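The structure appears right after this line, and notes come after that.
Please read all numbers here as calculations on a predicted model, not as lab measurements.
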Amino acid sequence: MSPIANMLAQLKNAQSRGLEEVVLPFSKIKLSIAEILKTKGFVSEIEKKKKKMKKAEVDVLQIRLKYKNGVGAIEDLRLVSKPSRRVYAGKDELRQVKNGYGFSVISTSKGLMTEEDARKAGVGGEVIFEIW
């Protein structure tokens with residue numbers, strides 16, 4: 001399983017169980033995804049911390065989930081690109097998710113961004129996942 005798919009599964013599962021936070025191994029791409037989710041209002045707080053393990057300290061990403069009246073902000077998500085099947089879209093092929101209720105995250109030559117930002121920047125790329 002890819003690290004991104006693992007991150008998304010942990011977020012979805014933690015939200016369905018009503019947990020307040022998720023702690024993941026740190027990577028720059030996970031941080032970028034978490035920042036996009038925070039900007040769009042799906043998570044409330046992101047923090048990079050050091051966690052002491054048996055022999056060393058490792059960096060972890062702590063993500064606080066967002067709830068409204070006991071209901072999680074993440075309704076559902078779908079992984080589009082997988083390690084066995086990559087999905088690419090040009091700037092003209094990027095579409096809205098759930099009629100604008102959700103969004104997709106695109107890996108472009110200018111970094112990770114939502115499909116709306118990619119359309120504005122005039123770039124396409126690999127469609128990583130959709131969330132609503």
Which pair of heavy atoms, one from [X] and one from [Y], lies closest together, and at what distance?
X    : Y    : result
L65  : L11  : CD2-CD2, 3.7 Å
G124 : T108 : O-CG2, 3.6 Å
A73  : G41  : CB-O, 3.9 Å
R64  : V43  : O-CB, 3.4 Å
V127 : I106 : CG2-CD1, 3.7 Å
N13  : S16  : O-OG, 2.8 Å

Would you please test F103 and F42 for ring-ring contact (aromatic ring centres under 6.0 Å, His included) and show each step? CA-CA 11 Å; F103 65 94; F42 285 89; 5.6 Å; yes

Could you please spell out the steps behind the side-chain contact (heavy atoms from CB on, under 4.5 Å) verdict for K38 and I46? CA-CA 8 Å; K38 183 178 179 185; I46 306 161; 3.7 Å; yes

Contact check, side chains of [X] and [Y], non-hydrogen atoms, under 4.5 Å:
X   : Y   : result
L31 : E35 : yes
K12 : D76 : yes
L8  : L79 : yes

Given the rule in the side-chain contact (heavy atoms from CB on, under 4.5 Å) test, do E130 and R95 qualify, once you have shown the distances and angles that lead to the verdict? CA-CA 11 Å; E130 296 175 343; R95 60 179 180 79; 3.2 Å; yes

Whether D59 and K49 form a salt bridge (side-chain N of Lys/Arg under 4.0 Å from carboxylate O of Asp/Glu) is what I want to check.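 Salt bridge: no.
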
Got a salt bridge between K40 and E116, using NZ or NE/NH1/NH2 to carboxylate O under 4.0 Å?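 A salt bridge is present here (some side-chain N lies under 4.0 Å from a carboxylate O).
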
What distance do S32 atom OG and I128 atom CD1 have between them, rounded to the nearest 0.5 Å?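 These two atoms lie 9.5 Å from each other.
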
Partner of M7 by side-chain contact (heavy atoms from CB on, under 4.5 Å), out of I33, V22, I29: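 The side-chain contact (heavy atoms from CB on, under 4.5 Å) with M7 is passed solely by I33 among I33, V22, I29.
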
Check for a donor-acceptor pair, side chain of [X] on one end and backbone N or O of [Y] on the other, with a separation under 3.5 Å.
X    : Y    : answer
S104 : F129 : no
K30  : L61  : no
Q15  : K66  : yes

